[in-house]
Structure formats: C-alpha cells, structure tokens
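Shown next, in structure tokens, is the structure this report addresses.
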Number of protein chains: 2
Amino acid sequence: MDLESLKVKLQDKVGKETIVLAAKCEVIYSGRAESFLAEGDRIIMIKQDKTLLIHQPKSSLPINYMKEETEYNFETNQGELIIKAHNKKYKEDLEINVKKAYFLKSLKLDDDQKLIIKGTERDMAEMIMKNPKIISDDFKPLSREEHTKYGFIDVFGYDSKGNLIVIETKRYVGDPKAVSQLRRYVERIKYAKGVGKVKGILACPRVTPNAKKMLNDFGFEFKKVNPPRYFENEKKKQKKLLDF
Amino acid sequence: MDLESLKVKLQDKVGKETIVLAAKCEVIYSGRAESFLAEGDRIIMIKQDKTLLIHQPKSSLPINYMKEETEYNFETNQGELIIKAHNKKYKEDLEINVKKAYFLKSLKLDDDQKLIIKGTERDMAEMIMKNPKIISDDFKPLSREEHTKYGFIDVFGYDSKGNLIVIETKRYVGDPKAVSQLRRYVERIKYAKGVGKVKGILACPRVTPNAKKMLNDFGFEFKKVNPPRYFENEKKKQKKLLDF
DNA sequence: GGGGAGAGATGCCGC
DNA sequence: GCGGCATTTCTCCCC
C-alpha cells in the first residue's frame, strides 16, 4: 500500500472514524514508563475518541497504547510512515514507525450502549443487605456504606450480642490484600466508634492459604459466599435475557 | 455484506489469521459474571491464539472479550450471524448476534517480539540496591527478595544503628493499600527475626493524604524516589554528543 | 481533578 | 495448575 495516500487517509479520518491499520512496525513509548518494541506485524486501532491501541497476534492486552484525546502527526520519510502520538494530559509520547502497511480500514461507528453487568462485588453486598442470614442467623445489617467520608466498608452491622461487624466482600478469591483491607476497616471502626472489639468477616467464594492464616492471626472469619447469578436464574425460569 | 459468505470466511480463518470484523451487533456474556450489551457498532477482533476482543468506538478497554483458546461456532439464522464463543478453562460463554457486517479483514500476523520496558517497580528496587544513598547516607541494602516463599519485600536492609529496614517501592502514587502492604511486610520481618523494632519506608514519587496519615500512625517513613529513566538518559547523551 | 477501590481485571513469575 | 503481586493497569464514583 502506498504510504503517501495512507498518510492522507489517516490525517483525514483520525478522530472522526474508527481506524484499523494492519502493519509491520516498531514502537517507541515514553511517558509513565519507557518502552521499545522491535519490528513485527500488528493491528493498530485509533478510536473516535483518539484512543490508540496496538495489538500483537496474541493475548488480550494491547502491547502499546495511548489514552483518549491523544494528538496525532503523520509523516512519511525514506519509505516509512511515522505516526507520532502525544498526550498532553498524561505527558506521554508514542512513535510508530510503519515499515509496511497491509490494509487500512476506517468507519464511523455509532454506539452509545452501556454494558449491563451482574455478579459484581456491589451485587454481593446488596444480596447480603437483603438477605443477612447468608452471613449468620443473628446478623443485622446497618448500612452498605459505599463512597462515604466515613469509610468504604462493604457491609456494616451487628449481631445479637451487640458486637459490631465489618464485612468485606470479594467476588472471587480472598487473598492477603483483601484481609489487609478488612483489617484497615475494622481498625477504622474501632477508632471511630471507640470500641475495643469489632468482628471482621471476609465474605467470598474461597480464600488462599496465606489469607486464611492472616484471618486467623487477626481473629477474623471467612464466610463462604458466591456472587449472585441473575441471568442464570432468568434462564432457568425460561425468560428472555431482553426482559431483564 | 453477505452473512453466509462471512460465516464461511470466519470458519476458514479463525485461529489461523487475525480477524477484524466491523459490525452492528449485540453481545451476551456469562462466566465469571454476566453481562448484556444492546445493539451497536463495534470492532470485533479474533486473534491467532483465539482471543476475542469487542471494542466500542471509545475508551481503551474492550467492552467484552474472551481469553485465549476459546472455541468458536458460527451460525446464520433469520438474517443474523450468531457467533458462539466458549472457553472450557475459564467456563465462560459469549454470544454475538451480528445484525449487519460493515467489513471483514483477515491476515496472518508474524510477530514474536517482546516489549522492552524500563521504569518499573522492579527497576526502582534495583536502582536502590545499586545506589542506597537514595534512601539515606547510612542505608545498607541486604537483599532484593522478590518472589520467595518468605516474603515479597522490595528492598530489605539496615542502617548504621543496626535497625532493620523494609522498603516498599511504588512507581507512581503511594496510597493506603501500599502502606498496608508495607505494614504487612514489617510485621512479617518482626516475627521472622524476632525483633521488636523494624523500620518501614515507602519509596515513591508522592503519597496521598490518607497514606501519609497511615505512615504516621504506624511510625513509617515516606522517601521521595522517582523511577529510573534509562531511555531519556540515552537521549540526553545523544543530544549532548550531537551538540558537540 | 484527585483520592480510593473494584475489575468478567490481565500478565508475570515462582513453586 | 495456584499464589502473590505489579500494571504505561483502566474505570467508576465520590468529594
């Protein structure tokens, strides 16, 4: 493909359409860190918000990228197309040296849809609020304090003996980080309420050995809880996903 | 574009070439969580390792995706192309209902290059090992214990008074999580070495207010350290050389 | 815009 | 494979 007409098309379409370019190239990045990627075949995508993604033929993550609102400059020089990308906000620079272009496609995509997602940590906390017996027969939830000034505790409550209880939920594996987090919240509540004893519970499907040991060390509990499955229930009831 | 020939091409190329499909579609996912994405225009990519990415015209991350080694099934039904993706290992399912295809491109990409990256947390720890004066005049590093069973302390050492020192490095902002982590390592060392006092240092460019408060509460220190910049140094050297 | 924490996080390395 | 943790994490939500 002719690099000169490629340059013109890129200049014309950047920020207006979603651009997909397959090319042999090398990539240099400098910003939050610094990186170099030697010559190889990749898919380069420039989205309508001027996000840049460079994908190798394997794995999920882009090998290089730039965030939204990046500025672009295209030059041809000695049989190469040089794409210079600069992001003011994040103080990042990226340069692609295109040695060969295999194809270029460009199209205005029309899509304002948001992903509807269920089974998150928030959903777990809400499930516990609505059905506190999941934790124990005598658990009384008080609040699902999310991003309040006071703290970020998933579920907060007390039991029949009047013990304050802090619950940290994790949708997958409870690891040492999760226990540290729980510990921090328990200590915050102890300090804020001026109480000596506060119960800590880690509610998740399973915990790692180190997390289990830490829970033990700090006198916390593990409660096996799985994230809710709304769509699966819907399916079982023979309803359509679109009804959700 | 004719959906029937689209189906044939997808069947033919999947896993062999990197496929890029621009299409109006809806997406249903069920696996670690559950999600639904209503009709809109997207770029669908199937990589040579059978990774699937679905990109909207904005933002960095794919709106839906499947990991490597996903199995595919393509069907046409009532003017729609249905792409069924199943991953055995992760027990995940995804379905794309393609209403309209704008373009389809496919190409075998040849690329085994690895990203060379500098300025990581590991580089920071190595920099401190080589040049301990960054921390203090009397800091003596002992080890950069990385992924040992014993712990994952970034830099471990002692000072002229014989105090043991644990350093946690962060390449960007030190936040409450980082202080919790440091605390955990300090406590591990106290227990393992049977010592009452161990110094904790958080080495990073800056810390958040809450992190600062926590550092204070636990008697830890903040040491301002920036990640190393190899390439930039090279550039400066080159410039200097050119200047002469 | 910064702080704080989740994510269908992903990827890497060690065991 | 799992565990532990960094990431140019990204994204969201609140202040």
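Between C:dA5 and D:dT7, the distance separating the two C1' atoms is 15 Å to the nearest Å. The same atom, C1', is picked in C:dG6 and in C:dT10; the two are 14 Å apart, to the nearest Å. Here, D:dC5 and D:dT9 have their C1' atoms 12 Å apart, quoted to the whole Å. C:dG11 and D:dT11 are spaced 16 Å apart, taking the P atom of each and rounding to whole Å.
A close approach under 4.0 Å does occur between a side-chain nitrogen or oxygen of A:Arg32 and OP1 or OP2 of D:dC10. Between B:Thr208 and C:dG4 there is a side-chain N or O to OP1 or OP2 distance below 4.0 Å. In this model, the phosphate group of D:dT11 is not approached by any side-chain N or O of A:Arg122 to a distance below 4.0 Å at OP1 or OP2. Taking only side-chain nitrogens and oxygens, A:Lys89 comes nearer than 4.0 Å to OP1 or OP2 of C:dG1. Residue B:Lys67 places at least one side-chain N or O under 4.0 Å from the OP1 or OP2 atom of C:dT10. When the side-chain nitrogen and oxygen atoms of A:Gln181 are compared with OP1 and OP2 of C:dG4, none of them lie within a distance under 4.0 Å. At D:dT8, none of the side-chain N or O atoms of B:Arg171 fall inside 4.0 Å of OP1 or OP2 (strictly under the cut-off). A sub-4.0 Å separation between OP1 or OP2 of D:dG4 and a side-chain N or O of B:Arg188 is absent. Contact annotation: A:Lys170 side-chain N/O to C:dG6 OP1/OP2 distance is under 4.0 Å.
One can find a donor-acceptor pair under 3.5 Å joining the base of C:dG8 and the side-chain atoms of B:Glu92.
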Watson-Crick or G-U pairs under 3.5 Å in DNA chain C, rendered as dot-bracket with [ ] for crossing pairs and | for another strand: |||||||.|||||||

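The side chain of A:Glu121 lies closest to C:dG6, out of C:dG6, C:dT10, D:dC5. Comparing C:dA7, D:dC5, C:dG8 by their nearest atom to the side chain of B:Ala33 picks out C:dG8. The B:Arg206 side chain lies nearest to C:dG3 when the options are D:dG4, C:dA5, C:dG3.
Within a heavy-atom distance below 4.0 Å of DNA chain C, the residues of residues 56-66 of chain A found are A:Ser59, A:Ser60, A:Leu61.
We find that the ring of B:Phe152 and the base of D:dC5 do not stack by the test of centres under 5.5 angstrom and planes tilted less than 30°.
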